[in-house]
Amino acid sequence: QVQLVESGGGLVQAGGSLRLSCVASGRTFSRYYMGWFRQAPGKEREFVAAINWSGGSTYYAESVKGRFTISRDNAKNTVYLQMNSLKPEDTAVYYCASRTSGGISYSRYGYNYWGRGTQVTVSS
């Protein structure tokens, strides 16, 4: 069983920055791929970024590439999402997810544990 708790969301003006954190329970965190997804009202949950177990490989949606950075600290069981140059279209609930087997997945169905989400609102 893995429990994930996100934090760091909030209201920010366009062009601003936020850093999301996700703390995971469990001793095998360092073995998991971790991902960030987001869901805007009336839209499907979409892939944002993912990171492999060591942090040596990262993956991004085209819409956030160059603006967002995913990282992890296995000693703290924490994964981060640094979001810069935020746009109003980045407004969504952001979810942390873990994938306990297999390699990279860009699909929400590839992740078997989820946090409850943190709201990010970007004003224009």
Side-chain angles (χ1 to χ4, degrees):
Q1 190 77 10
V2 177
Q3 292 186 327
L4 304 172
V5 180
E6 304 97 335
S7 63
L11 174 63
V12 64
Q13 288 189 329
S17 298
L18 283 174
R19 188 195 197 199
L20 306 184
S21 299
C22 172
V23 179
S25 65
R27 293 176 294 175
T28 56
F29 170 81
S30 62
R31 301 180 188 175
Y32 303 154
Y33 273 71
M34 298 295 297
W36 286 97
F37 288 74
R38 67 186 181 186
Q39 188 166 16
K43 295 189 176 181
E44 294 289 319
R45 191 170 299 188
E46 65 175 2
F47 173 82
V48 175
I51 189 167
N52 76 333
W53 65 273
S54 68
S57 295
T58 56
Y59 311 85
Y60 297 95
E62 284 298 321
S63 59
V64 307
K65 202 172 288 185
R67 300 188 298 122
F68 290 10
T69 302
I70 188 171
S71 61
R72 67 191 296 163
D73 184 339
N74 288 339
K76 296 182 179 179
N77 276 17
T78 302
V79 62
Y80 304 97
L81 186 68
Q82 177 67 45
M83 305 186 296
N84 299 329
S85 302
L86 282 161
K87 305 175 181 180
E89 52 263 42
D90 294 318
T91 295
V93 178
Y94 283 71
Y95 297 90
C96 174
S98 67
R99 176 171 167 77
T100 56
S101 63
I104 181 63
S105 175
Y106 298 91
S107 169
R108 61 178 292 188
Y109 301 107
Y111 294 78
N112 43 350
Y113 292 100
W114 292 83
R116 299 182 70 175
T118 185
Q119 176 71 47
V120 171
T121 303
V122 185
S123 63
S124 57

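The first residue in the sequence is number 1, and the count goes up from there.
- Put simply, the side chain of Asp90 never gets that close to the backbone of Thr121: no donor and acceptor are under 3.5 Å apart.
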request  = Apply side chain to side chain contact (heavy atoms under 4.5 Å, CB included) to the pair Arg108 and Glu46, showing each step before the final yes or no.
outcome  = CA-CA 7 Å; Arg108 61 178 292 188; Glu46 65 175 2; over 6 Å; no

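- Under the 4.5 Å side-chain heavy-atom criterion for grouping Ile, Leu, Val, Met, Phe, Trp and Tyr, Ile51 is not connected to Tyr111 through any hydrophobic cluster.
- No side-chain heavy atom of Asn52 sits less than 4.5 Å from a side-chain heavy atom of Ile104.
- When all heavy atoms of Ala49 and Tyr60 are compared, the pair lying nearest together is CB-CD2, 3.7 Å.
- In the model, Arg38 has a side-chain atom that pairs as donor or acceptor with a side-chain atom of Tyr94 under 3.5 Å.
- Atom CD of Glu62 sits about 10.5 Å away from atom CZ of Phe47, to the nearest 0.5 Å.
- Distance check, rounded to the nearest 0.5 Å: CG of Asn84 to OG1 of Thr69 gives 6.5 Å.
- A continuous path of hydrophobic side-chain contacts links Val120 to Ile70 [ILVMFWY only; heavy atoms under 4.5 Å].
- Side-chain atoms of Thr78 and Asp73 form no donor-acceptor pair, as typed in the model, at a separation below 3.5 Å.
- Trp53 and Phe29 are not part of a single hydrophobic cluster, where members link through side-chain heavy atoms under 4.5 Å apart.
- With Tyr32 as the aromatic partner, Arg72 does not meet the cation-pi criteria of under 6.0 angstrom to the ring centre and within 45 degrees of the ring axis.
- Both Leu20 and Met34 are assigned to one and the same hydrophobic cluster, defined by single-linkage of ILVMFWY side chains at heavy-atom distances under 4.5 Å.
- Applying the ring pair (Phe, Tyr, Trp, His ring centres under 6.0 Å) test between Phe37 and each of Tyr95, Tyr109, Trp114 identifies Trp114 as the sole match.
- Distance OG/Ser57 to OH/Tyr33: 6.0 Å, rounded to 0.5 Å.
- Applying the 6.0 Å contact sphere to CD of Gln3 captures no more than 12 heavy atoms from other residues, nucleotides or ligands.
- A distance of 9.5 Å separates CD in Gln13 from OG in Ser124, rounded to the nearest 0.5 Å.
- Hydrophobic clustering of Ile, Leu, Val, Met, Phe, Trp and Tyr side chains at less than 4.5 Å, counting indirect connections, unites Val122 with Trp36.
- The backbone N or O of Thr100 sits nowhere less than 3.5 Å from a side-chain atom of Ser98 that would complete a donor-acceptor pair.
- For Glu6 (side chain) and Cys96 (main-chain N/O), a donor-acceptor pair under 3.5 Å exists by modelled atom type.
- Between the Asn77 side chain and the Ser25 main chain, no donor and acceptor come within less than 3.5 Å of each other.
- With a 4.5 Å cut-off on side-chain heavy atoms, Ser17 and Gln82 count as touching.
- If you take OG on Ser21 and CG on Leu81, they are separated by 9.5 Å, rounding to the nearest 0.5 Å.
- A pairwise comparison of heavy atoms in Leu4 and Cys22 identifies CB-SG, 3.9 Å as the closest pair.
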